[in-house]
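For reference, the structure discussed in these notes is given below.
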2 protein chains.
Amino acid sequence: MPLNEDQLTQIRDERKEQIMAAGLRVFAKRGLAHTKMSMIAAEAGISHGLLYHYFKSKDELFLQLLQSAMEESIAGVQELYRLPGSPLDKLRSLTELILLPENAAHFMLIHHARTAEDMPDKARQILQDYSMKTYIDQLLPLFEEGQKMGELVEDEPRRLITTYLTVLTALMVLNTHEHEDFRQMEPAVLLRMIAKPGAL
Amino acid sequence: MPLNEDQLTQIRDERKEQIMAAGLRVFAKRGLAHTKMSMIAAEAGISHGLLYHYFKSKDELFLQLLQSAMEESIAGVQELYRLPGSPLDKLRSLTELILLPENAAHFMLIHHARTAEDMPDKARQILQDYSMKTYIDQLLPLFEEGQKMGELVEDEPRRLITTYLTVLTALMVLNTHEHEDFRQMEPAVLLRMIAKPGAL
DNA sequence: GTCTATATTAGGATAGAC
DNA sequence: GTCTATCCTAATATAGAC
């Protein structure tokens, strides 16, 4: 018996999800240029040609993944404000969140988009839409409150946020390549950069 | 009049240096797989074919560059002991050294070797020869002295060194892509991770 | 919807002229 | 010692069979 409209739609949606999950894993590990479509096809367990049935090109697949990775990372920061605890507690949560291995693939994808030399213009556009400034603006109230409460050092807040985010960003990149030389960071050590000594 | 033996040797040495300098710049930026031999030739201002006259293959050129980058980074750490000042002063110098833009290319080359998926076995061998353990062993006396003097926190020293080097390594990678979003780190902020509050 | 050819181009490596 | 022309493989993308 033939498949009806709904069943076909469902198959298509499932396939697309399956391809995007596979694409995220492979792109995160190897970057855009060095990922072959055949790798993604193999990772997703489908044929090479079918990939092109769902995504017009390698770039298009990458761009869709980048867009959703950016959206999720912004949403992650916004979530902080809904957590209980002091500003320092929330920043500890942020630190843990960023260092979580499950999240590494998203961050790595963004890293590749930021650093690869031959990114399509569309990718640069997406990166600009969610620049560091976006994150700083979101975190500013939290840092200012932490300083008022005496939990955080007195440095100029935007500057302090940039510094801390830079370190976290750097670590999440390293974090992806689970290299035995580099240890899993303890949030407490990192927080010493921004917290008043007594507050930890 | 024909060139004599010495002059030919000199031309060859100069060319080789010229190629290696160009190769370092391009490999550091783009990695092994994504660097085309034609890019290095263009950067060095010579033809594609001449490159192969001096280096058997792309891999061979990369491996020679990796080897010397590793040797120089180890030598840099050893230099610390010849500097004047307290252990904390020396660690401040190390931090500055690692964050220096002039050194970024070397570190980036090593980073690519560590993270790319398709590195030749020879590269993995070189990386093992100069693993994190090498650096830790070199820095251990310095950290122990710093702890004895009350300048550094009391954590287990090898663990503390690993943590600090991991952060520095992560930053030097980010440092390479001079991205306006990420600010140049101030050593003082980073040193808060390892120094006793009073010592800074 | 899915697969197996196939066209096409890019890039590593070599050969041979100068 | 240096360059240009060429070979050859790998990988993106498409066409067409099922």
Side-chain angles (χ1 to χ4, degrees), chain A residues 1-23 26-27 29-65 112 116-120 122-123, chain B residues 1-23 26-27 29-65 112 116-120 122-123:
Chain A
M1 90 182 168
L3 298 169
N4 64 27
E5 193 69 13
D6 280 0
Q7 287 170 316
L8 286 176
T9 308
Q10 194 191 337
I11 289 181
R12 276 186 29 188
D13 288 351
E14 280 176 13
R15 276 278 170 283
K16 203 161 178 180
E17 272 311 306
Q18 182 184 355
I19 291 171
M20 288 185 77
V26 183
F27 279 133
K29 205 184 238 178
R30 316 184 66 114
L32 172 58
H34 196 50
T35 293
K36 328 293 174 209
M37 288 299 253
S38 57
M39 293 174 186
I40 299 176
E43 180 83 16
I46 60 169
S47 83
H48 174 195
L50 188 55
L51 246 177
Y52 282 92
H53 184 74
Y54 285 93
F55 293 90
K56 209 171 79 269
S57 68
K58 189 165 76 157
D59 281 11
E60 188 191 271
L61 174 55
F62 184 85
L63 290 171
Q64 284 201 24
L65 287 167
H112 279 128
E117 290 295 311
D118 57 348
M119 272 295 132
K122 188 75 196 299
Chain B
M1 91 183 166
L3 299 169
N4 66 27
E5 193 69 12
D6 281 2
Q7 287 170 313
L8 286 177
T9 309
Q10 194 190 336
I11 289 179
R12 278 187 27 190
D13 288 351
E14 281 175 11
R15 275 279 171 285
K16 204 161 177 181
E17 272 311 307
Q18 183 184 354
I19 292 170
M20 288 184 78
V26 184
F27 278 133
K29 205 182 240 178
R30 314 182 68 111
L32 172 57
H34 197 49
T35 293
K36 330 290 175 211
M37 286 300 253
S38 56
M39 293 174 185
I40 298 176
E43 179 85 16
I46 60 170
S47 82
H48 175 194
L50 189 56
L51 246 178
Y52 282 92
H53 184 73
Y54 285 91
F55 293 90
K56 211 170 79 267
S57 68
K58 188 165 77 156
D59 281 11
E60 190 192 88
L61 174 55
F62 184 85
L63 290 171
Q64 284 200 25
L65 287 167
H112 280 127
E117 289 295 309
D118 56 348
M119 272 294 134
K122 188 76 195 296

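So that the names make sense, note that chain A is the first sequence line, chain B the second, and so on, each numbered from 1. This one's a predicted model, so the numbers in the text were calculated from it and none came from an experiment.
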Which residues share a salt bridge (Lys or Arg N to Asp or Glu O under 4.0 Å) with B:E117, sequence neighbours left out
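Listed in chain order: nothing, the list is empty.
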Under 4.0 Å between any heavy atoms, over every strand shown, what does B:T9 touch: base, sugar-phosphate, or nothing? Just pick one.
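Nothing: the residue B:T9, judged by heavy atoms under 4.0 Å, touches no strand.
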Classify B:F55 by what it touches in the nucleic acid, base, sugar-phosphate, or nothing, heavy-atom distance under 4.0 Å.
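Nothing, no heavy atom under 4.0 Å.
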Within the pair B:Y52 and C:dT14, is there a side-chain N or O less than 4.0 Å away from OP1 or OP2?
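False: B:Y52 side-chain N/O out of range (4.0 Å or more) of C:dT14 OP1/OP2.
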Judged by atom type as modelled, is there a donor-acceptor pair below 3.5 Å linking the side chain of A:H112 to the main-chain atoms of A:L32?
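Checked: no pair found.
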Close N/O contacts between protein and nucleotides 5-9 of chain C (under 3.5 Å):
none

Flag side-chain contact, heavy atom, 4.5 Å: A:E60 against A:Y54
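Heavy-atom side-chain distance check fails, nothing below 4.5 Å.
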Close side-chain approach of B:K122 and B:D59, heavy atoms under 4.5 Å
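No, too far: nothing below the 4.5 Å cut-off.
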For A:Q64, enumerate each residue passing the side chain to side chain donor-acceptor pair (under 3.5 Å) test, keeping only those at least two apart in sequence or located in another chain.
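Side chain to side chain donor-acceptor pair (under 3.5 Å) list for A:Q64, sorted by chain: empty.
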Rounding to an integer number of Å, can you tell me how far B:Y54 OH sits from C:dT14 C1'?
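Spelled out: OH on B:Y54 to C1' on C:dT14 is 17 Å.
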Rounding to an integer number of Å, can you tell me how far B:H53 NE2 sits from C:dA15 P?
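The answer, rounded to whole Å, is 14 Å.
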Which residue lies toward the 5' end of DNA chain D, B:I46 or A:M39, if each is placed at its nearest nucleotide?
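Looking at the nearest nucleotide for each, B:I46 comes out on the 5' side.
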Name all pairs fulfilling the side-chain hydrogen bond (donor to acceptor under 3.5 Å, both in side chains) condition that reach into residues 38-53 of chain A, sequence neighbours left out, sorted by first residue then second.
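Those involving residues 38-53 of chain A are A:R25-A:E43.
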Looking at A:K29, I'd like to know if its NZ atom is crowded, meaning that more than 12 non-hydrogen atoms belonging to other residues, nucleotides or ligands lie closer than 6.0 Å.
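Open: at most 12 neighbouring heavy atoms sit under 6.0 Å from NZ of A:K29.
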Terminal contacting nucleotides, 5' and 3', DNA chain D versus chain B (heavy atom, 4.0 Å)
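Contact boundaries, 5' end first: D:dG1 to D:dT4.
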Check side-chain contact (heavy atoms from CB on, under 4.5 Å) between A:M39 and all other residues, then give those that pass, not counting sequence neighbours.
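Listed in chain order: A:V26, A:R30, A:K36.
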